[in-house]
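Heads up: the structure comes next, in C-alpha coordinates.
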Amino acid sequence: MRRFYKDVTLGAQPGGYQVLLDGRGVKTVGGAAQIVPTEALGEALAAEWRRQGDKIDPTSLPLRDMADYAIDVVTPDPAAIADGLIAYAETDTLCYRADPDEPLHAHQQAVWEPLLTAFEAAHGITLVRVSGVLHRPQPEATLAVLRQRLAALDHFVLAGVETMTTLAASLVTALCALDAGHEDEPRALWEAVCLEEEWQADLWGRDWEAEERRARREADFLRAYSFARLAQI
(Lines give C-alpha, C1' and ligand atoms only; values in the text may rest on other atoms or scores of the structure.)
Protein backbone atom coordinates (compact mmCIF):
# COMPACT_ATOMS: atom_id res chain seq x y z
CA MET A 1 0.00 0.00 0.00
CA ARG A 2 1.28 3.44 -0.91
CA ARG A 3 1.60 5.97 1.87
CA PHE A 4 -1.73 7.82 1.91
CA TYR A 5 -0.97 10.48 4.53
CA LYS A 6 1.45 13.34 5.06
CA ASP A 7 1.23 14.39 8.69
CA VAL A 8 1.33 12.18 11.79
CA THR A 9 0.21 13.70 15.07
CA LEU A 10 -1.00 12.44 18.43
CA GLY A 11 -4.31 13.60 19.84
CA ALA A 12 -5.64 13.40 23.38
CA GLN A 13 -8.92 11.51 23.50
CA PRO A 14 -11.28 10.44 26.27
CA GLY A 15 -9.48 7.50 27.84
CA GLY A 16 -6.08 8.09 26.30
CA TYR A 17 -4.30 9.04 23.10
CA GLN A 18 -4.83 8.31 19.40
CA VAL A 19 -2.52 8.58 16.41
CA LEU A 20 -3.93 10.93 13.77
CA LEU A 21 -2.99 10.58 10.10
CA ASP A 22 -3.73 13.91 8.42
CA GLY A 23 -6.11 14.55 11.30
CA ARG A 24 -7.99 11.24 11.02
CA GLY A 25 -7.80 8.85 13.93
CA VAL A 26 -6.27 5.43 13.38
CA LYS A 27 -8.63 2.52 13.93
CA THR A 28 -7.98 -1.10 14.80
CA VAL A 29 -8.45 -4.02 12.44
CA GLY A 30 -11.78 -4.59 14.19
CA GLY A 31 -12.90 -1.03 13.47
CA ALA A 32 -12.54 0.44 16.96
CA ALA A 33 -10.76 3.72 17.65
CA GLN A 34 -7.14 2.84 18.45
CA ILE A 35 -6.92 4.74 21.71
CA VAL A 36 -4.01 3.77 23.96
CA PRO A 37 -3.71 4.54 27.68
CA THR A 38 -0.51 6.62 27.81
CA GLU A 39 1.11 9.39 25.82
CA ALA A 40 4.39 7.44 25.78
CA LEU A 41 2.77 4.49 24.00
CA GLY A 42 0.93 6.84 21.66
CA GLU A 43 4.19 8.53 20.67
CA ALA A 44 5.79 5.13 20.00
CA LEU A 45 2.88 4.23 17.69
CA ALA A 46 3.14 7.60 15.94
CA ALA A 47 6.87 7.01 15.39
CA GLU A 48 6.09 3.80 13.51
CA TRP A 49 3.82 5.70 11.11
CA ARG A 50 6.36 8.51 10.68
CA ARG A 51 9.07 6.03 9.70
CA GLN A 52 7.09 4.76 6.71
CA GLY A 53 8.42 5.58 3.27
CA ASP A 54 6.52 5.97 0.03
CA LYS A 55 5.06 2.53 0.63
CA ILE A 56 3.72 1.24 3.93
CA ASP A 57 5.42 -1.89 5.23
CA PRO A 58 2.92 -3.65 7.56
CA THR A 59 5.72 -5.67 9.16
CA SER A 60 7.28 -2.45 10.44
CA LEU A 61 4.19 -1.61 12.51
CA PRO A 62 4.44 -4.23 15.28
CA LEU A 63 3.32 -1.91 18.08
CA ARG A 64 0.25 -1.00 16.06
CA ASP A 65 -0.55 -4.71 15.77
CA MET A 66 -0.13 -5.19 19.52
CA ALA A 67 -2.41 -2.22 20.23
CA ASP A 68 -5.02 -3.69 17.89
CA TYR A 69 -4.77 -6.99 19.76
CA ALA A 70 -5.12 -5.31 23.14
CA ILE A 71 -8.24 -3.46 22.03
CA ASP A 72 -9.94 -6.05 19.81
CA VAL A 73 -9.06 -9.27 21.65
CA VAL A 74 -7.88 -8.62 25.22
CA THR A 75 -10.32 -5.89 26.25
CA PRO A 76 -13.51 -7.84 25.43
CA ASP A 77 -12.43 -10.81 27.59
CA PRO A 78 -9.33 -10.22 29.75
CA ALA A 79 -10.31 -13.14 32.01
CA ALA A 80 -9.85 -15.56 29.12
CA ILE A 81 -6.36 -14.20 28.48
CA ALA A 82 -5.50 -14.52 32.17
CA ASP A 83 -6.77 -18.12 32.23
CA GLY A 84 -4.44 -18.96 29.34
CA LEU A 85 -1.51 -17.43 31.19
CA ILE A 86 -2.28 -19.40 34.35
CA ALA A 87 -1.92 -22.54 32.24
CA TYR A 88 1.68 -21.45 31.56
CA ALA A 89 2.22 -20.98 35.28
CA GLU A 90 1.25 -24.63 35.77
CA THR A 91 4.15 -25.73 33.57
CA ASP A 92 6.52 -22.78 33.86
CA THR A 93 9.86 -23.40 32.15
CA LEU A 94 11.83 -22.16 35.16
CA CYS A 95 10.21 -24.80 37.39
CA TYR A 96 11.17 -27.78 35.21
CA ARG A 97 14.74 -28.95 35.63
CA ALA A 98 16.85 -31.79 34.31
CA ASP A 99 17.42 -34.83 36.52
CA PRO A 100 19.74 -33.99 39.45
CA ASP A 101 22.52 -36.26 38.18
CA GLU A 102 22.72 -34.42 34.83
CA PRO A 103 25.21 -31.53 34.41
CA LEU A 104 22.45 -29.30 33.05
CA HIS A 105 20.62 -29.47 36.39
CA ALA A 106 23.38 -27.65 38.27
CA HIS A 107 23.42 -24.92 35.63
CA GLN A 108 19.64 -24.52 35.85
CA GLN A 109 19.85 -24.34 39.63
CA ALA A 110 22.50 -21.64 39.48
CA VAL A 111 20.62 -19.44 36.99
CA TRP A 112 16.94 -20.15 37.60
CA GLU A 113 16.73 -20.72 41.33
CA PRO A 114 17.63 -17.12 42.32
CA LEU A 115 14.97 -15.83 39.90
CA LEU A 116 12.30 -18.13 41.27
CA THR A 117 13.22 -17.47 44.88
CA ALA A 118 13.03 -13.70 44.39
CA PHE A 119 9.71 -14.02 42.54
CA GLU A 120 8.24 -16.17 45.32
CA ALA A 121 9.36 -13.69 47.96
CA ALA A 122 7.91 -10.74 46.06
CA HIS A 123 4.51 -12.42 45.68
CA GLY A 124 4.37 -14.42 48.91
CA ILE A 125 3.92 -17.73 47.08
CA THR A 126 5.57 -21.11 46.67
CA LEU A 127 6.26 -22.74 43.29
CA VAL A 128 6.84 -26.47 42.89
CA ARG A 129 10.09 -27.43 41.20
CA VAL A 130 10.08 -30.56 39.03
CA SER A 131 13.00 -32.69 37.85
CA GLY A 132 12.22 -34.41 34.57
CA VAL A 133 9.09 -34.08 32.45
CA LEU A 134 6.46 -35.56 34.79
CA HIS A 135 3.87 -32.88 35.52
CA ARG A 136 3.19 -31.78 39.09
CA PRO A 137 0.47 -29.20 39.77
CA GLN A 138 1.22 -25.88 41.37
CA PRO A 139 -0.53 -25.03 44.66
CA GLU A 140 -3.96 -23.52 44.15
CA ALA A 141 -3.06 -20.71 46.57
CA THR A 142 -0.13 -19.80 44.31
CA LEU A 143 -2.31 -19.77 41.21
CA ALA A 144 -4.89 -17.62 43.01
CA VAL A 145 -2.25 -14.97 43.77
CA LEU A 146 -1.09 -14.99 40.15
CA ARG A 147 -4.69 -14.66 38.95
CA GLN A 148 -5.10 -11.60 41.16
CA ARG A 149 -1.90 -10.11 39.77
CA LEU A 150 -3.07 -10.61 36.18
CA ALA A 151 -6.57 -9.28 36.92
CA ALA A 152 -5.03 -6.04 38.20
CA LEU A 153 -3.12 -5.36 34.97
CA ASP A 154 -4.23 -2.83 32.39
CA HIS A 155 -5.43 -4.60 29.23
CA PHE A 156 -2.54 -3.23 27.18
CA VAL A 157 -0.04 -4.40 29.80
CA LEU A 158 -1.78 -7.79 29.86
CA ALA A 159 -1.35 -8.06 26.08
CA GLY A 160 2.38 -7.48 26.46
CA VAL A 161 2.63 -10.00 29.29
CA GLU A 162 0.81 -12.59 27.20
CA THR A 163 3.26 -12.19 24.32
CA MET A 164 6.27 -12.41 26.63
CA THR A 165 4.83 -15.46 28.38
CA THR A 166 4.13 -17.41 25.22
CA LEU A 167 7.57 -16.65 23.79
CA ALA A 168 9.35 -17.65 27.01
CA ALA A 169 6.92 -20.45 27.96
CA SER A 170 7.17 -18.82 31.38
CA LEU A 171 4.74 -16.54 33.19
CA VAL A 172 7.37 -16.00 35.87
CA THR A 173 9.80 -14.60 33.30
CA ALA A 174 7.16 -12.26 31.85
CA LEU A 175 6.14 -10.87 35.24
CA CYS A 176 9.77 -10.49 36.29
CA ALA A 177 10.39 -8.48 33.12
CA LEU A 178 7.33 -6.35 33.87
CA ASP A 179 8.76 -5.56 37.31
CA ALA A 180 12.30 -4.94 36.01
CA GLY A 181 14.04 -2.05 37.69
CA HIS A 182 16.82 -1.76 35.11
CA GLU A 183 16.62 -1.63 31.31
CA ASP A 184 19.06 -4.54 30.94
CA GLU A 185 16.99 -6.94 33.06
CA PRO A 186 14.49 -8.07 30.38
CA ARG A 187 17.30 -9.18 28.04
CA ALA A 188 19.02 -11.00 30.91
CA LEU A 189 15.73 -12.73 31.73
CA TRP A 190 15.36 -13.81 28.11
CA GLU A 191 18.87 -15.21 28.11
CA ALA A 192 18.08 -17.08 31.32
CA VAL A 193 14.97 -18.70 29.94
CA CYS A 194 16.95 -19.80 26.86
CA LEU A 195 19.51 -21.54 29.06
CA GLU A 196 18.67 -25.06 27.86
CA GLU A 197 18.73 -24.02 24.20
CA GLU A 198 22.16 -22.49 24.73
CA TRP A 199 23.32 -25.60 26.56
CA GLN A 200 22.25 -27.85 23.69
CA ALA A 201 23.79 -25.53 21.09
CA ASP A 202 27.11 -25.52 22.93
CA LEU A 203 26.95 -29.29 23.25
CA TRP A 204 25.90 -30.28 19.73
CA GLY A 205 26.81 -27.25 17.63
CA ARG A 206 24.89 -24.24 16.39
CA ASP A 207 22.42 -24.15 13.55
CA TRP A 208 22.09 -20.77 11.87
CA GLU A 209 18.36 -21.19 11.22
CA ALA A 210 17.72 -21.97 14.89
CA GLU A 211 19.87 -19.00 15.88
CA GLU A 212 17.88 -16.71 13.60
CA ARG A 213 14.59 -17.99 15.00
CA ARG A 214 15.79 -17.37 18.54
CA ALA A 215 16.99 -13.88 17.63
CA ARG A 216 13.54 -13.08 16.22
CA ARG A 217 11.88 -14.43 19.36
CA GLU A 218 14.19 -12.31 21.50
CA ALA A 219 13.32 -9.20 19.50
CA ASP A 220 9.61 -9.99 19.87
CA PHE A 221 10.02 -10.55 23.61
CA LEU A 222 11.82 -7.24 24.13
CA ARG A 223 9.28 -5.42 21.97
CA ALA A 224 6.42 -6.86 24.04
CA TYR A 225 8.23 -5.73 27.17
CA SER A 226 8.58 -2.22 25.73
CA PHE A 227 4.88 -2.19 24.79
CA ALA A 228 3.86 -3.19 28.32
CA ARG A 229 6.25 -0.67 29.89
CA LEU A 230 5.06 2.18 27.66
CA ALA A 231 1.46 1.34 28.54
CA GLN A 232 2.29 2.14 32.18
CA ILE A 233 4.20 5.44 31.91
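In what follows, residues are counted from 1 in the order of the sequence shown.
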Which atom pairs, one a donor and one an acceptor, fall under 3.5 Å between side chains of residues 162-170 and the rest of the protein, sequence neighbours left out?
from, atom 1, to, atom 2, distance (Å)
E162, OE1, Y69, OH, 2.7
E162, OE2, Y69, OH, 3.2
T163, OG1, A159, O, 3.3
T165, OG1, V161, O, 2.8
T166, OG1, E162, O, 3.1
T166, OG1, T163, O, 3.0
S170, OG, D92, OD1, 2.8
S170, OG, D92, OD2, 3.2
S170, OG, T173, N, 3.0
S170, OG, T173, OG1, 2.8

For the student: nearest non-hydrogen atoms of S131 and A98, plus distance: OG-O, 3.6 Å

Over all atoms of both residues, closest heavy-atom pair of A89 and L171: CB-CD2, 3.8 Å

Residues forming a side-chain hydrogen bond (donor to acceptor under 3.5 Å, both in side chains) with E140, sequence neighbours excluded: R147

Qualifying residues under salt bridge (charged side-chain N to carboxylate O under 4.0 Å, His left out), relative to R223, sequence neighbours excluded: D220

Pairing residues for Q109 by the side-chain hydrogen bond (donor to acceptor under 3.5 Å, both in side chains) criterion, not counting sequence neighbours: R97

Interatomic distance, L189 atom CG to C176 atom SG [nearest 0.5 angstrom]: 6.0 Å

Shortest non-hydrogen separation from A32 to D72 and the atoms involved: CB-OD1, 4.2 Å

Hydrophobic cluster identity match, V172 and V157, side-chain contacts under 4.5 Å: yes

Lys/Arg-Asp/Glu bridge criterion (N-O < 4.0 Å) met for R214, E191: no

L45 reachable from V29 in the ILVMFWY side-chain graph, under 4.5 Å edges: no

Contact list for residues 28-59, test ring-ring contact (aromatic ring centres under 6.0 Å, His included), sequence neighbours left out: Y5-W49

Donor-acceptor contact present, side-chain Q18 to main-chain A12, <3.5 Å: no

Co-membership, hydrophobic cluster, residues V74 and V26, 4.5 Å side-chain: no

Atom pair CG (D54) and CZ (R3), whose distance is rounded to the nearest 0.5 Å: 8.5 Å

Least distance between heavy atoms, A192 atom then W112 atom: O-NE1, 2.8 Å

Heavy-atom side-chain proximity of Q34 to K27 below 4.5 angstrom: no

Atom pairs and distances, donor-acceptor, side-chain atoms in residues 226-233, under 3.5 Å, two or more places apart:
from, atom 1, to, atom 2, distance (Å)
S226, OG, L222, O, 3.1
Q232, NE2, A228, O, 3.3

Working for side chain to side chain donor-acceptor pair (under 3.5 Å), residues W204 and Q200: CA-CA 6 Å; W204 302 108; Q200 296 296 339; 3.0 Å; yes

For T75, all residues meeting side-chain contact (heavy atoms from CB on, under 4.5 Å), sequence neighbours excluded: H155

Contact summary for H123 and V145, nearest pair of heavy atoms: O-CG1, 3.7 Å

Sidechain-backbone polar pair: E90 side chain, Q138 backbone, donor-acceptor under 3.5 Å: yes

From CA spacing to verdict: side-chain contact (heavy atoms from CB on, under 4.5 Å), I71, F156: CA-CA 8 Å; I71 294 168; F156 288 80; 3.5 Å; yes

Smallest separation among heavy atoms of H105 and P100, with atom names: CG-CA, 3.6 Å

CD1-CG distance between I125 and L143, expressed to the nearest 0.5 angstrom: 8.5 Å

Audit row: D57, Q52, side-chain contact (heavy atoms from CB on, under 4.5 Å) steps and yes/no: CA-CA 7 Å; D57 177 10; Q52 299 302 309; 4.0 Å; yes

CD on E211 to CG on D207, rounded to 0.5 Å: 8.0 Å

Residue pair L127 / F119, side-chain heavy-atom distance below 4.5 Å: yes

Pairs meeting criterion ring-ring contact (aromatic ring centres under 6.0 Å, His included) with involvement of residues 15-36, two or more places apart: none

Cluster check M66, V73: I/L/V/M/F/W/Y, side chain < 4.5 angstrom: no

R149: partners by salt bridge (charged side-chain N to carboxylate O under 4.0 Å, His left out), with sequence neighbours left out: D179

Derivation and outcome, side-chain contact (heavy atoms from CB on, under 4.5 Å), residues L20 and L10: CA-CA 6 Å; L20 307 175; L10 187 67; over 6 Å; no

Co-members of the apolar cluster containing Y96 [side chain, <4.5 Å]: V128, V130

Using residues 77-85 as the side-chain source, report each donor-acceptor pair under 3.5 Å to any protein atom, sequence neighbours left out, with the distance given to one decimal.
from, atom 1, to, atom 2, distance (Å)
D77, OD1, A80, N, 3.4

With E218 via salt bridge (charged side-chain N to carboxylate O under 4.0 Å, His left out) - residues at least two apart: R187

Euclidean distance, L195 CG relative to H107 NE2, rounded to 0.5 Å: 4.0 Å

Pairwise distance CG(L178) to CG(L153) - rounded to 0.5 angstrom: 6.0 Å

R206 and E198 ion-paired at < 4.0 Å: yes

Shared hydrophobic cluster for M1 and V8 (ILVMFWY, side-chain gaps under 4.5 Å): yes

Residues R64 and E48 bridged, charged N to O under 4.0 Å: no

Stepwise side-chain contact (heavy atoms from CB on, under 4.5 Å) test for D7 and L21: CA-CA 6 Å; D7 296 320; L21 305 179; over 6 Å; no

